Amino acid sequence: MADGAVRGYRPATIQKGKRDPIMTDLSILIISYNTRDLLLNALKAVRDVGCSRPYEVIVLDNASHDGSADAVAEHFPEVRLIRSEENLGFAKGNNVAAEQATGRWLLLLNPDTEVYPGALDAIVSFAEANPDGGVYGGRTFFPDGSLNIASCWGRITPWSLFCSAFGLTALMPKSSLFNPETLGGWPRDSVRHVDIITGCFLLIGRDLWVRLGGFDTRFWMYGEDADLCLRAARLGCRPMITPEARLMHIVGASSQSTARRTIMLHTGRASLVYTHWPRVWLPWGRAMLWAWIVNRVVAASLLATAMPRRFGPLRDKWQEVWRRRREWMAGYPAEADA
């Protein structure tokens, strides 16, 4: 057992698994918060599938109270476990875990995923064959085997925000014109350059990660992966998807409240607008973020009036998001720790 403080973050300890000073090919980083059973399934899938290259698995537990860390220590002694004494969030948690990684490649993997056979070899081989990509992702599925499009996205633009605010994306979900952020009806079944690789399964070279400074820790959760990819694009990278790297992903397993998750998502989106849009477009961005919520509050309230039992919870959700609008409209605070 190797114990010690994580550099730059004192209240955490590293347990189990030795740190090899010789770099491996692949470091798999998993950040967990109260996802014990899902985490164990994710680790089992990695162990069962394996990788032909030398690899390591690092789990950072964000002060879970469901026994996640103890379960990892008991059932996966080969995993290097970092126990954080506070919830660092996804972005900072990955930054801390990456400091302990030895791999040439860093693979960010959510605890609510299960990689399919060949996925780990496929994603690294693809990255090596396409060095201009910089950031890489795969093809995700729901537990029932249906396609989960959330492996990648288009960037938020003034047009995309207008379309989502006024329901055009919902009316024409398969249109690349009116639903550009979800890339229209593309089923993620071909190699393609994309704007954003989702952090549930994101491969990046160690050198690029260090050059970018890892995640921007202003983003507590949601938006940090988009920010990373957009910053990588400024350096000339062209993020890519390969359908050969496949996995199952359950979305939002760590988010207990749908209203809370929506607020966090919208906070991340607001932060992306403020960070990556030209200043001249910021008033439009704020207006569209506001309209996105207002339109849903109005629609849910009308539906709940007609069918309260069915749509009452939806109305309550959107009204809570509206009541807390100052939180998400401000975005994440710029003075957060780096």
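Just so it is clear, the model here is predicted, and its values are computed rather than measured. Throughout, numbering of the chain's residues begins at 1 and tracks the sequence.
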### Query
Counting distance only, does the side-chain N/O of Trp159 pair as donor-acceptor with the main-chain N or O of Leu177 below 3.5 Å?
yes

### Message
Taking Leu272's backbone N and O only, do any of them form a donor-acceptor pair with Thr275's side chain (distance below 3.5 Å, no angle check)?
### Response
no

### Task
Check the angle between the aromatic planes of Tyr136 and Phe126 and answer parallel, tilted or perpendicular using the 30° and 60° thresholds.
perpendicular

### Query
Between the side chain of Asp195 and the main-chain N/O of Arg155, is any donor-acceptor distance below 3.5 Å?
yes

### Message
For the CZ atom on Arg238, are there more than 12 heavy atoms of other groups (residues, nucleotides or ligands in this structure) within a distance under 6.0 Å?
### Response
no

### Considering all heavy atoms, the nearest Ala69-Leu81 contact
O-CD2, 3.4 Å

### Query
Could you give all pairs that pass the side chain to side chain donor-acceptor pair (under 3.5 Å) test and reach residues 180-191, with sequence neighbours left out?
Ser160-Glu181, Asn179-Thr182, Glu181-Arg269, Trp186-Ser190

### Message
Between His276 and Arg234, do the side chains contain a donor N or O and an acceptor N or O under 3.5 Å apart?
### Response
yes

### Query
When you look at Leu203 and Val135, which way does the side chain to side chain contact (heavy atoms under 4.5 Å, CB included) test go after all the steps?
CA-CA 6 Å; Leu203 184 77; Val135 188; over 6 Å; no

### Query
Looking only at heavy atoms, which two atoms of Met329 and Ala270 are closest? And how far apart?
O-CB, 4.2 Å

### Task
Ignoring hydrogens and angles, tell me if any N or O in the side chain of Arg139 forms a donor-acceptor pair with the backbone of Pro187 under 3.5 Å.
yes

### Message
Using the side chain to side chain contact (heavy atoms under 4.5 Å, CB included) criterion, which residues pair with Asn41? Sequence neighbours excluded.
### Response
Glu114

### Task
Considering only NZ, NE, NH1 and NH2 on the basic side and carboxylate oxygens on the acidic side, decide whether Arg323 and Glu320 come within less than 4.0 Å.
no

### Task
May I ask you to decide if Gln100's main-chain N or O and Arg80's side chain share a donor-acceptor pair within less than 3.5 Å?
yes

### Query
Does some side-chain heavy atom of Trp328 sit less than 4.5 Å from a side-chain heavy atom of Ile293?
yes

## Note on the structure
Closest non-hydrogen atoms of Phe201 and Gly138, given as atom of the first, atom of the second and distance, are CD2-N, 3.6 Å

## Note on the structure
Separation between CG (Leu265) and OG1 (Thr258), nearest 0.5 Å, reads 11.0 Å

### Task
Search all heavy atoms of Ser68 against all heavy atoms of Thr35 and return the closest pair with its distance.
OG-N, 3.8 Å

### Query
Just checking, is any N or O donor in the side chain of Thr198 or Trp153 under 3.5 Å from an acceptor N or O on the other one?
yes

#### Entry: Whether His266 side chain and Leu289 backbone form a donor-acceptor pair below 3.5 Å
yes

### Task
Let me see the working for Lys92 and Glu224 under salt bridge (Lys or Arg N to Asp or Glu O under 4.0 Å), right down to the final yes or no.
CA-CA 10 Å; Lys92 189 170 184 178; Glu224 68 290 308; over 6 Å; no

### Query
Are Leu282 and Leu230 connected in a single hydrophobic cluster, I mean Ile/Leu/Val/Met/Phe/Trp/Tyr linked by side-chain heavy atoms less than 4.5 Å apart?
no

### Message
Donor-acceptor check, side chain of Arg325 to backbone of Trp322, threshold 3.5 angstrom: yes or no?
### Response
yes

### Carboxylate-amine/guanidinium proximity below 4.0 Å for Asp61 and Arg83
no

#### Entry: Atom pair OH (Tyr332) and CD (Glu327), whose distance is rounded to the nearest 0.5 Å
10.5 Å

### Message
Main chain of His65, side chain of Asn34: is a donor-acceptor contact present, judged purely on distance under 3.5 Å?
### Response
yes

### Task
Give, for atom CD1 of Ile58 and atom CD of Glu99, the distance between the pair rounded to the nearest 0.5 Å.
11.0 Å

### Message
To check you understand the geometry: which heavy-atom pair defines the closest contact between Ala101 and Leu29, and what is its length?
### Response
CB-CD2, 4.2 Å

### Task
Report yes or no: does Thr113 contribute a side-chain atom to a donor-acceptor pair with the main-chain N or O of Met248 at less than 3.5 Å?
no

### Query
Under the side chain to side chain donor-acceptor pair (under 3.5 Å) rule, what pairs show up with a residue in residues 281-301, not counting sequence neighbours?
none

### Query
Is it true that the side chains of Thr102 and Arg206 contain a donor and an acceptor less than 3.5 Å apart?
no

#### Entry: Beyond-backbone contact of Leu168 with Phe162, side-chain heavy atoms, under 4.5 angstrom
yes

### Message
Tell me if the CZ atom of Arg310 is crowded by more than 12 foreign heavy atoms within 6.0 Å.
### Response
no

### Query
Distance-only, no hydrogens or angles: does the Thr140 side chain make a donor-acceptor pair with backbone N or O of Asn148 under 3.5 Å?
yes

### Message
Does Arg211 have more than 12 heavy atoms from other residues, nucleotides or ligands lying within 6.0 Å of its CZ?
### Response
no

### Which atom of Tyr222 lies closest to which atom of Arg261, heavy atoms considered
OH-NE, 3.2 Å

### Reference residue Asn94; test side-chain contact (heavy atoms from CB on, under 4.5 Å); the match among Leu228, Ile31, Leu202, Leu88
Ile31

